[in-house]
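One structure is given here, and the rest of the page talks about it.
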Amino acid sequence: MKYDNLQGKHIVLGVTGGIAAYKSAVLVRLLVKSGAEVQVIMTPNACEFITPLTLSTLSGKPVITEFFNHRTGEWHSHVDLGVWADAMIVAPATASTIAKMATGVADNMLVTSYLSSRAPVFVAPAMDYDMMRHPSTLNNLSLLASRGNIIIEPAVGELASHLVGKGRMEEPENIVAHVDAFFATRGDLKGRRVLITAGPTVERIDPVRYISNFSSGKMGFALAAECASRGARVTLVTGPVTLATPQAVDRVDVLTALEMHDAVMSRCAGSDIIILCAAVADYRAASTSKTKIKRQDETITLQLVANPDIAGHVGQEKHEGQLLVGFALETDNEMENALAKMKRKNLDVIVLNSLRNPDAGFQKDTNVVSIIDSDGTTHNHDTMTKREVAAVIVNHLVNRYLQ
Ligand code: C5P
């Protein structure tokens, strides 16, 4: 396979101490063969699995393993490396290094360089079955993904322990393909202004209670990270979520549907692409009690009034050249409802995700989507991480509408 987009690219390859480190030699070779300049950084434990000599010979550069060169006293500058890098790949990424990256521990040259780098970071986990599915590891990966790092999911297969399951580092060819695809699309949204909504809205009932939904905001944040990394100027209007703002994204925090409506309507005219991913509450309390509502009778009636349909309003005001993308999460008659929604709201594209699929939906890091154009053309996709889904959606918009 030929990778066309790596010529002259500066890649920092971080190798950590897992048995999959033996595959790093192939990874370095493929990157170098594709024209990339590779600077390898190894953690002390990685050196137990594969020698720095192997990787420095293949990369044509001395491998960095420590903060200092003990022989010469020379200091390796993690800051310079961070500036030099066009991309950083951590492969294999052990549970320990992933945890350090997630929490900001900087006790070796690799994780210190990670903290100093502004370049996009690809993480290819490799570890044993039980470590891979441990809640700590899953949480740390989820956190890294939410900050815009690109997780290259490990494959399922036989592991070094002879257990069979998820945890095998993705093959070097596929890791290089990910990075190559990333550079292929870099800059294809340059100069475009993108407005994205994400997360739930919160509708107050009284000073302590509210109506909301289970939206985590992960899909919208992944879209924001993807668009920003492709050169767009991104504004992300988000309801309350616990996610970090992706790099180079302008974030506007709102609470209620009315606030989200105002934030979107005042910005939509100046946007080229509008992606409405938020799970907006359809109704809010007709009136908000100033004091906490006391427990009284066995039943209580709460009167609700409809919130504005933000997508519908943007659809009405949409002008020539603007692209409007909505999402639909349906529990029944999925396709029919999604198509009706697209028409009613004057959307150009609707992304359908079904709650019926266990890999899709609220709080998850993965999603299963169908992308539907207004002429009914439908592209069904398999389970992917939300960041991968974001890339697929943006690829579709670029290829079909922005060429
Ligand atoms: O909630 P519903 O399934 O109708 O959402 C479909 C699309 O409309 C989504 O893109 C959602 O973000 C958007 N929407 C909105 N304002 C609402 C309700 C939904 O922008 N009040």
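Each ligand, and each atom within it, is numbered from 1 in the order the structure gives.
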Can you tell me which residue and heavy atom of the protein come closest to [atom], and the distance to 0.1 Å?
| atom | value |
| --- | --- |
| atom 17 (C) of ligand 1 | V280 CB, 3.5 Å |
| atom 10 (O) of ligand 1 | L276 O, 2.6 Å |
| atom 6 (C) of ligand 1 | F327 O, 2.9 Å |

For [X], the ligand 1 atoms whose distance to one of its heavy atoms is below 4.0 Å:
| X | value |
| --- | --- |
| I310 | 15 (C), 16 (N), 17 (C), 20 (O), 21 (N) |
| K341 | 2 (P), 3 (O), 4 (O), 6 (C) |
| G326 | 10 (O) |
| D309 | 15 (C), 16 (N), 17 (C), 21 (N) |
| D282 | 18 (C) |

Hey, is CZ on R118 packed in by over 12 heavy atoms from elsewhere, all under 6.0 Å?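 No, not enclosed.
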Are [X] and [Y] close enough for a salt bridge, meaning some N to O gap below 4.0 Å?
| X | Y | result |
| --- | --- | --- |
| R230 | D188 | yes |
| E158 | R168 | no |
| D348 | K318 | yes |
| R387 | E226 | yes |
| D375 | R400 | yes |

Can you name the nearest heavy-atom pair linking T197 to A278, along with the distance?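 Nearest heavy atoms, T197 then A278: OG1-N, 3.1 Å.
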Shortest non-hydrogen contact from M260 to G239?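 That closest heavy-atom pairing would be CE-N, 3.8 Å.
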Closest candidate by heavy atom, reference atom 13 (C) of ligand 1, pool G220, A306, A311: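 Minimum heavy-atom distance to atom 13 (C) of ligand 1 goes to A311.
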Heavy atom to atom 11 (C) of ligand 1, shortest distance: which of G312, A278, A281 holds it?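 Comparing heavy atoms across G312, A278, A281, the nearest one to atom 11 (C) of ligand 1 lies in A278.
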Tell me the contacting part of P308 for ligand 1: side chain, backbone, both, or neither, using a 4.0 Å heavy-atom threshold, strictly below.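 Backbone only.
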F122 and F182 aromatic centres sub-6.0 Å: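 Yes: the rings meet the under 6.0 Å criterion.
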Measure up the H313 and H261 rings against each other and bin them: parallel (under 30°), tilted (30 to 60°), perpendicular (over 60°).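 If you compare the ring of H313 with that of H261, the planes turn out perpendicular.
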4.0 Å heavy-atom contact, [X] with ligand 1:
| X | answer |
| --- | --- |
| K345 | yes |
| A279 | no |
| A328 | no |
| N307 | no |

